[in-house]
Amino acid sequence: MCGRASLTKQEKELEQRFNASFYTEDILRYNPLPNFNLAPTQTHPILIMENGKHFQLMKWGLIPSWAKDEKIGSKMINARVEGLLEKSFFKTALQSRRCLVPLDGFYEWKTIQAKTKIPFRIQTTNQEIFSVAGLYDLWKNNKGEVIYSFTIITLPANEMMKKIHDRMPAILDPDAELLWIDHSLSMNQSLELLSPYPSELMHMTELSPLVNKVSANGPELLVPAKRTSTSNTLFD
DNA sequence: CCAGACGTTGTT
DNA sequence: GTCTGG
DNA sequence: CCAGACGTTGTT
DNA sequence: GTCTGG
């Protein structure tokens, strides 16, 4: 699964990386970056291809347009790639509402025992911004305000990720990013772009439990955990 | 046809 | 909205 | 994902 | 235990 992430860069860096721009009013009203602890329901800049490439602020957790209540969104933070074509929940989004989720890391917790979990930060080896394949939708609340929301597609874990978890987010090869949000692709063509990112191009760092708290959000979260006597048995 | 669901994860 | 179940 | 709350009534 | 909030 993928339930927490980071994008520790500024808006300007994001604009340069994707050659796309923010809406000025979004930046004035919100201040989404940098974010050291992106959690479900929080607002994140998402890249879409509507009237040109631009970043749209969206809440993490897909709220389908027909939902009566936005609460469903906080559960719909991931979509398994294996089920995308079979589930009405996601199928229409896969057809016409694909998006890129820019991140520079994500967090996973390795379960040691029922009540013991250790957080890890996973990055690409170049430590740069990468894109995760996502889906989005628009939902109207009872005031008539439009709420954008997104979900992150997950794949079976690659060899590196298997050490801590059996799923991983669908990180896209940079060459596949623009295709993923291209409207001319069929659903099947878009699915062909999704494959586990190579273990050799990723690396992970054990963190302290500071990151557990959603309210914690600063560079101190990224400091690697001090090795302890239990650490040596983590991957048995 | 209509009615009702629509999701993932982890844990047991 | 769209799919599944009956 | 984890952390934290989980409720109703009447009165001001 | 289960749901909500972030």
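Every chain is numbered from 1, with letters handed out A, B, ... down the list of sequences. As the structure is a computational prediction, the values presented were derived from the model and not from experiment.
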**Prompt:** Is the closest basic N to carboxylate O distance between A:Glu177 and A:Arg17 below 4.0 Å?
**Reply:** yes
**Fill in**
Of D:dC2, B:dG7, D:dA3, the nucleotide closest to the side chain of A:Lys213 is D:dA3
**Nucleotide B:dG7, atom P - distance to CZ of A:Arg167 in whole Å** = 15 Å
**Prompt:** P atom, B:dA5 versus E:dC3: distance in rounded Å?
**Reply:** 15 Å
**Item:** Runs of at least three Watson-Crick or G-U pairs with DNA chain B, cut-off 3.5 Å
**Value:** B:1-6 with C:1-6
**Message:** If the cut-off is 4.0 Å, is A:Lys71 near the phosphate of E:dG5, judged by side-chain N/O to OP1 or OP2?
**Reply:** no
**Asked** Do NZ/NE/NH1/NH2 and the carboxylate oxygens of A:Lys162 and A:Glu159 come within less than 4.0 Å?
**Response** yes
**Prompt:** Taking the six-membered ring where the residue is Trp, are the ring centres of A:Trp66 and A:Phe89 under 6.0 Å apart?
**Reply:** yes
**Asked** If we take the P atom in both E:dG6 and B:dG4, what is their distance in whole Å?
**Response** 33 Å
**Message:** From C-beta outward on A:Ile77, which listed nucleotide comes closest to its side chain: D:dC1, B:dC6, D:dA3?
**Reply:** D:dC1
**side-chain N/O A:Ser65 vs C:dT2 OP1/OP2, d < 4.0 Å** = no
**Message:** At 4.0 Å (heavy atoms only), tell me whether A:Thr111 reaches a base, stays on the sugar-phosphate, or touches nothing.
**Reply:** sugar-phosphate
**Message:** Please determine whether a side-chain nitrogen or oxygen atom of A:Arg80 lies at a distance below 4.0 Å from atom OP1 or OP2 of B:dT9.
**Reply:** yes
**Asked** What distance, rounded to whole Å, do you find between the two C1' atoms, one in D:dC1 and one in B:dT8?
**Response** 11 Å
**Request:** Among the candidates E:dG6, D:dC2, B:dG7, find the nucleotide nearest to the side-chain atoms of A:Phe90.
**Result:** B:dG7
**Prompt:** Less than 6.0 Å separating the ring centroids of A:Phe22 and A:His54?
**Reply:** no
**Request:** Report yes if at least one side-chain N or O of A:Lys75 is closer than 4.0 Å to OP1 or OP2 of B:dT9; otherwise report no.
**Result:** no
**Message:** A:Arg167 vs A:Thr154, test: side-chain hydrogen bond (donor to acceptor under 3.5 Å, both in side chains). Steps then yes/no.
**Reply:** CA-CA 6 Å; A:Arg167 305 289 302 174; A:Thr154 66; 3.1 Å; yes
**Asked** OP1 or OP2 of B:dG7 sitting under 4.0 Å from any side-chain N/O of A:Thr151?
**Response** no
**Prompt:** A:Leu84 has an atom CG; how far is it from atom C1' of B:dC6, in whole Å?
**Reply:** 14 Å
**Request:** Find the distance A:Leu135:CG to C:dG1:C1' and express it as a whole number of Å.
**Result:** 15 Å
**Message:** Which nucleotide wins on minimum distance to the side chain of A:Lys91, given the candidates C:dC3, D:dA3, D:dC1?
**Reply:** C:dC3
**Message:** Between B:dT11 and D:dC2, how far apart are the two P atoms, rounded to whole Å?
**Reply:** 8 Å
**Request:** Check every strand shown and say whether A:Trp66 touches a base, only sugar-phosphate, or nothing at a heavy-atom separation below 4.0 Å.
**Result:** base
**Message:** If I take atom CZ in residue A:Arg121 and atom C1' in nucleotide D:dC1, what distance separates them, rounded to the nearest angstrom?
**Reply:** 16 Å
**D:dT9 to E:dG1 separation - P atoms, rounded to the nearest Å** = 29 Å
**Asked** Where the side chain of A:Ser88 is defined as all heavy atoms beyond and including C-beta, which of B:dT8, B:dC6, D:dC2 is the nearest nucleotide?
**Response** B:dC6
**Request:** Applying side-chain hydrogen bond (donor to acceptor under 3.5 Å, both in side chains), run through A:Asp104 and A:Ser6 and close with a yes or a no.
**Result:** CA-CA 6 Å; A:Asp104 66 357; A:Ser6 69; 2.9 Å; yes
**Item:** Selection from E:dG6, B:dT8, D:dC2 that lies nearest to any side-chain heavy atom of A:Lys87
**Value:** B:dT8
**Request:** Considering only atom C1', compute the distance from E:dT2 to D:dG10 and round it to an integer number of Å.
**Result:** 29 Å
**Asked** Where the side chain of A:Pro40 is concerned, which of D:dC1, D:dA3, B:dG7 is the nearest nucleotide?
**Response** D:dC1
**Message:** Just the rounded figure in Å: distance from P of B:dT9 to CD1 of A:Ile152.
**Reply:** 12 Å
**Message:** I need the OH-P distance between A:Tyr107 and B:dT9, as an integer number of Å.
**Reply:** 20 Å
**Prompt:** How is A:Asp166 classified with respect to the nucleic acid when contacts are heavy atoms under 4.0 Å: base, sugar-phosphate, or nothing?
**Reply:** sugar-phosphate
**Message:** Check A:Lys59 with A:Glu70, please: is the shortest side-chain N to carboxylate O separation under 4.0 Å?
**Reply:** yes
**Request:** Check the pair A:Ser184 / A:Asp182 against side-chain hydrogen bond (donor to acceptor under 3.5 Å, both in side chains), numbers first and verdict last.
**Result:** CA-CA 6 Å; A:Ser184 65; A:Asp182 189 318; 2.7 Å; yes
**Item:** Length of the line joining A:Leu85:CG and C:dT4:P, which is rounded to integer Å
**Value:** 11 Å
**Request:** Please state whether the rings of A:Phe150 and A:His44 are parallel, tilted or perpendicular, taking 30° and 60° as the class boundaries.
**Result:** tilted
**Request:** May I have the distance from A:Leu57 (atom CG) to E:dG6 (atom C1'), rounded to whole angstrom?
**Result:** 17 Å
